[in-house]
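A short write-up of the structure that comes next.
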Amino acid sequence: ARRVTDYLVHWAETTPDHSFLARREQLPGGKTGDWQHVSYAQALDAARSIGQALLDRGLNAERPVVVLSENTIEHALLALGCIYAGVPYCPVSPAYATVSQDYDKLRHVIDTLTPGLVFAADGARYGKAIAATVAADVEVILAQGALEGRKAGTFQSLRHTPATPAVDAAMHATGPGTIVKFLFTSGSTKMPKPVINTQRMWCANLQQISLSLPVLAEASPVLVDWLPWSHTFGSNHNFGLTMMHGGTLYIDDGKPTAALIGETLRNLREIAPTVYFNVPTGFEAIAHAMQHDDQLRRTLLSRVKMFFYAGASLAQPVWDSLFASAEREVGERIVMASGLGMTESSPFGLFVTSPDVRAGDLGLPAPGLELKLVPEGDKLEIRYRGPNITPGYWRAPETTAEAFDDEGFFCTGDAVAWIDPR
């Protein structure tokens, strides 16, 4: 595709009533109810209306949209509206606004991007952060709630804006070089860096993923996923491949923490994914639960073709436990795959192509991606060059220049070793 919205338009025309997104109804007291679904036709209709509202406000790369929200239906539809209209957006880690006490990282994001509109899922949850970081002349839109001492618009006002031919023209004017979004790096050692994500990067990477994982094209994929859209794994990778292949993404309000893993297990007892993505701590909790939870084991393993983890190393005993549960339930092992990537690579970079995979294996470069291994002391640094690599960091020419070597390879700073030293 030239743009990821081509996939949305395609599925809205060919399977308009097929469920694209689903999330449990949010009930009082933090409880969740039945699944609420959004079809591909409904998603496209929302994208056109919201996109029109953003065009009416004159938003662009210099005045983008900043999103303060967990994974929600409103967050997804707003993102699709931005992509459709060619207005860059930035999903910010909710922790910057809800856990942080000084809001330093959120302030850094706001100051770097100079947004023309800030969307927040809830006025009560995000109100303090907005008051501390968002200038009074910046429009704020809320999915629910209100802000103390400040006027805010509603998500529904965006959703019900009448679309005109102008928004379709804006979509057709987007192409490979159009900036889709800004994703900030984790900022674990320094302030987060704003990674430019273009249509070329995202579309190329989705093609690389699909060539590496042909199982995705065998049937419409079903995902049950909690991974945050402020991170490239959850947004570019999982949200993107769902849309590319006309699948269904069940938004999981659980997380691999003691307090929230129960919600993930509840969802996996009910919805059978065809592929399942998680981080090592999530797989560890699921592997333990499957040893004694018959319903979880039966549903999760009923049609899943592949497990995939990233973000850290997965201990071999966890793999062994997952394999044992699969052999017990379906008579064979479910392939556990992994790889290596980063925000700057959209993220899919390396992928393990052999089913005979062990903990720590990273694999081979995705189709179309070149690798260079550069000795650094007693280690090897891995460097990338390809269509899925970012052109650089937003409004940071010096940082961008430092990130690439004289042959145009992106310097990852990641150290790797050969599986076979010989």
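All heavy atoms count here, side chains included; hydrogens, waters and symmetry mates do not.
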Heavy-atom distance under 4.5 Å between the side chains of [X] and [Y], does that happen here?
X	Y	value
L227	V279	yes
L117	V87	no
I50	L80	no
W319	V357	yes
P192	V109	no

For [X], all residues meeting side chain to side chain donor-acceptor pair (under 3.5 Å), sequence neighbours excluded:
X	answer
S321	Q291
Y126	E70
R150	none
T161	none

Whether [X] side chain and [Y] backbone form a donor-acceptor pair below 3.5 Å:
X	Y	result
N205	F348	yes
R385	E407	yes
W11	M244	yes
T400	Y393	yes
S212	A366	no
E344	T390	no
S345	G341	no
Y40	G247	yes
T299	I271	no
S49	A46	no

Could I get the full list of side chain to side chain contact (heavy atoms under 4.5 Å, CB included) partners for [X], not counting sequence neighbours?
X	answer
T412	M342, E381, I382, Y384, F410, D414
E263	R24, T32, D252, D253, R266, N267
H37	S19, A22, W35, Y250
A173	none

Greater than 12 external heavy atoms within 6.0 Å of [X]'s [atom1]:
X	atom1	result
D34	CG	no
K372	NZ	yes
E74	CD	yes
E398	CD	no

Under a 3.5 Å threshold, yes or no: a donor from one side chain and an acceptor from the other, between T164 and Q52?
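There is such a pair between these side chains.
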Please work out whether the ring planes of F184 and H108 are parallel, tilted or perpendicular, with thresholds of 30° and 60°.
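F184 vs H108 ring planes: perpendicular.
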Could I get the full list of ring-ring contact (aromatic ring centres under 6.0 Å, His included) partners for H288, not counting sequence neighbours?
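Result, ring-ring contact (aromatic ring centres under 6.0 Å, His included) vs H288: H292.
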Pairing of K128 and E148 as salt bridge, 4.0 angstrom limit:
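No.
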Set of salt bridge (Lys or Arg N to Asp or Glu O under 4.0 Å) partners for D293, sequence neighbours left out
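Per chain and number, D293 pairs via salt bridge (Lys or Arg N to Asp or Glu O under 4.0 Å) with R269.
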Taking only residues two or more places apart in sequence, or in another chain, which ones meet R57 in a salt bridge (Lys or Arg N to Asp or Glu O under 4.0 Å)?
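Residues passing salt bridge (Lys or Arg N to Asp or Glu O under 4.0 Å) with R57: E139.
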Name each donor-acceptor pair under 3.5 Å that joins a side chain in residues 228-235 to protein atoms two or more places apart or in another chain, with its distance.
unit_1 : atom_1 : unit_2 : atom_2 : d
H231   : ND1    : F233   : N      : 3.1
S235   : OG     : W229   : O      : 3.4
S235   : OG     : H231   : O      : 2.9

For residues H237 and F308, establish whether the separation of their ring centroids is below 6.0 Å.
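Between F308 and H237, which both carry aromatic rings, the centre distance is below 6.0 Å.
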